[in-house]
Amino acid sequence: MLDIKKIRENPELVKDSLTRRGEDTGIVDTLILHDEERRRLVYEVEKLKQRRNEVSNEIAEMKRKGQDTKGAILEMRQVGERIKEMDNAIRQIERKVNDILLSIPNIPHESVPYGKDESENVEVRRWEEPESFDFEPKPHWEIGANLGILDFERAAKISGARFTVFRGAGARLCRALIAFMIDLHTSEHGYTEVYPPVLVNTESMIGTGQLPKFAEDMFKCEGTDYYLAPTAEVPVTNLYRDEILSHDDLPIYHVAYTPCFRAEAGSAGRDTRGLIRQHQFDKVELVKFVKPETSYDELEKLVNNAEEVLKRLGLPYRVVMMCTGDVGFTAAKKYDPEVWMPSYGKYVEISSCSNFEDFQARRANIRYRPRPGAKPEYVHTLNGSGVAIGRTVAAILENYQEADGSVVIPEALRPYMGGLERIEA
RNA sequence: GGAGAGAUGGCUGAGUGGUCGAAAGCGCUCGCCUCGAAAGCGAGUGGGUGGGUAGCCCCCGCCCCGUGAGUUCGAAUCUCACUCUCUCCGCCA
């Protein structure tokens, strides 16, 4: 959410942001119109309330003196009615203002390149070139099925399309990756582990920006106010919702493993095979709460933390900076580390690291005191996958496959696999 | 699921329908004292928002005592609904 005061003072800035994102700018004028009307009404009703407060005190005084209060009470009864009407009008217009505010995307940082869509994202670096195979490499869904560690048919029977059963060494590989990543981030990168609920309420979903705009992407539990969290970003960022943190609490780094749930509405036909696009997948997520002046340094460190996972696993990757047309609703700046996926013949997103500045903090009301006694200010929030488990499994299977159909376990993972060096049929 | 108790400022904890935004204590900030610190003493310490002035340095107002409605000239205080916490019973991973 953007600051209504800032929008009021500089509507062109917001319009420019929307234009760079390739969106319509009309709502800004509508918003400002509503906001002016709202302020006019507030000003009027507050004068009435002041009058009511004054006279009410006079009535108390008069009663104490035993004077007649009938006239004053009668007058105030009318004032009270008028106040009630105006309060209702204000409530309605405030709802409009708020709905619009919640629907305006974040302003991209000045360092974000202009571009209309994902084709104009900018590659910022690469780590290791993909290995070429001296045999025809198989896609991970074939490798996994042949090894008996991925079972898509039975998952379809249990649940439906876009689900997977991991089995034997496959299941263990998931568990190993989770433990490996959490250990790396806690012991070497300074993150504190949390294990949060994955059923979250509407407030939390609004706080991080999934709602109200992206409701169709989420699973909701019928008859409840619970959504299945699409990412640990939601519960972990909302940890400190409606709190005022002390300046020496910051920065706060959290790492969380959770399953993630996505309806994938509108992506029918895309990535239908394999682990790439699932309704349920596991992810280790990194979340930061930082002082505003440090947030862009923190973003770079966050990306590096995600990259370190891929380096240790020996998976070739590149890092892409999202352009204005693809940076996403909530982010001011975003990097996507992408892993090399032989079956796709290209790099595939395996992490997504964003600086939201105060966009989420304002929605979720997460603040801190810059110094003791100072006015609270909004923190900056960041998060990034560190990294997605399912896609990492896919990347390992494909990049570490051998001609005989077996898969070598990356060395960093072997301690977590009971010393297993290779998955064989 | 049943019965009961409760929800007040960073924390603990008072509160009669009428100067209660709220006592007191703790904590915190500043000052005095001290070579320094502690103790002691003194002062100050909530969050929003509208307007004035202009950018939170001031001034005026409005709102906030779990959330939302209601009664009243006036509600932290009365009524209703909801949420959450705690205790007991039942059920249960």
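Quick note on labels: first sequence line is chain A, next is B, and so on, each numbered from 1. This one's a predicted model, so the numbers in the text were calculated from it and none came from an experiment.
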Interatomic distance at [atom1], [N] relative to [M], whole Å:
N	M	atom1	result
rG13(B)	rU87(B)	P	16 Å
rG21(B)	rA14(B)	C1'	15 Å
rG70(B)	rG9(B)	C1'	27 Å
rC80(B)	rC63(B)	C1'	23 Å
rC58(B)	rU45(B)	P	11 Å
rU16(B)	rG31(B)	C1'	38 Å
rG47(B)	rU34(B)	C1'	38 Å
rA76(B)	rU67(B)	C1'	15 Å

Would you say the side chains of [X] and [Y] form a donor-acceptor pair under 3.5 Å?
X	Y	result
Glu357(A)	Tyr296(A)	yes
Thr19(A)	Asp16(A)	no
Asn305(A)	Tyr191(A)	yes
Thr208(A)	Glu233(A)	no

Q) Considering heavy-atom distances to RNA chain B, does Lys5(A) or Ile73(A) have its closest nucleotide positioned more toward the 5' end? A)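 In this pair, the answer is Lys5(A).
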Q | Earlier contact from the 5' end, RNA chain B, for Glu9(A) and Arg77(A) | A |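 Final value for this comparison: Glu9(A).
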Q.
Tell me whether the rings of Tyr416(A) and Phe180(A) are parallel (<30°), tilted (30 to 60°) or perpendicular (>60°).
A.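 It falls in the perpendicular class, over 60°.
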Which is true for [X] with a 4.0 Å heavy-atom rule: it touches a base, it touches only sugar-phosphate, or it touches nothing?
X	result
Arg367(A)	sugar-phosphate
Lys84(A)	sugar-phosphate
Arg362(A)	nothing
Arg51(A)	nothing
Lys47(A)	nothing

Q | Pairing string, 5' to 3', for RNA chain B - Watson-Crick or wobble contacts under 3.5 Å, brackets [ ] where pairs cross, | to another strand | A | ((((((((.[[[..)..(.....]]]((((((.......))))))(((((((.....))))))).[[[[[..)....]]]]])))))))....
Q. Would the Tyr253(A) and His185(A) ring centres measure less than 6.0 Å apart?
A.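 Centroid distance Tyr253(A)-His185(A): not below 6.0 Å, so no.
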Q) Are Tyr368(A) and Phe289(A) close enough that their ring centers fall under 6.0 Å? A)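 Not under 6.0 Å, so no.
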**Q.** Enclosure of Arg8(A) CZ (heavy-atom neighbours >12, cutoff 6.0 Å)
**A.**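 Yes.
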Q) Counting only heavy atoms not in Glu411(A), do more than 12 sit closer than 6.0 Å to its CD atom? A)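 Check fails, neighbour count at 12 or below.
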Q. Taking any atom under 4.0 angstrom from a heavy atom of chain A, which nucleotides of RNA chain B are the first and last to qualify, 5' to 3'?
A.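 Span of nucleotides near chain A: rG18(B) to rG74(B).
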Q.
Would the distance check show the side chain of Glu398(A) and the main-chain N or O of Ala394(A) forming a donor-acceptor pair, the cut-off being under 3.5 Å?
A.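 Not at all, since once roles are kept as given, no pair shorter than 3.5 Å links the two residues.
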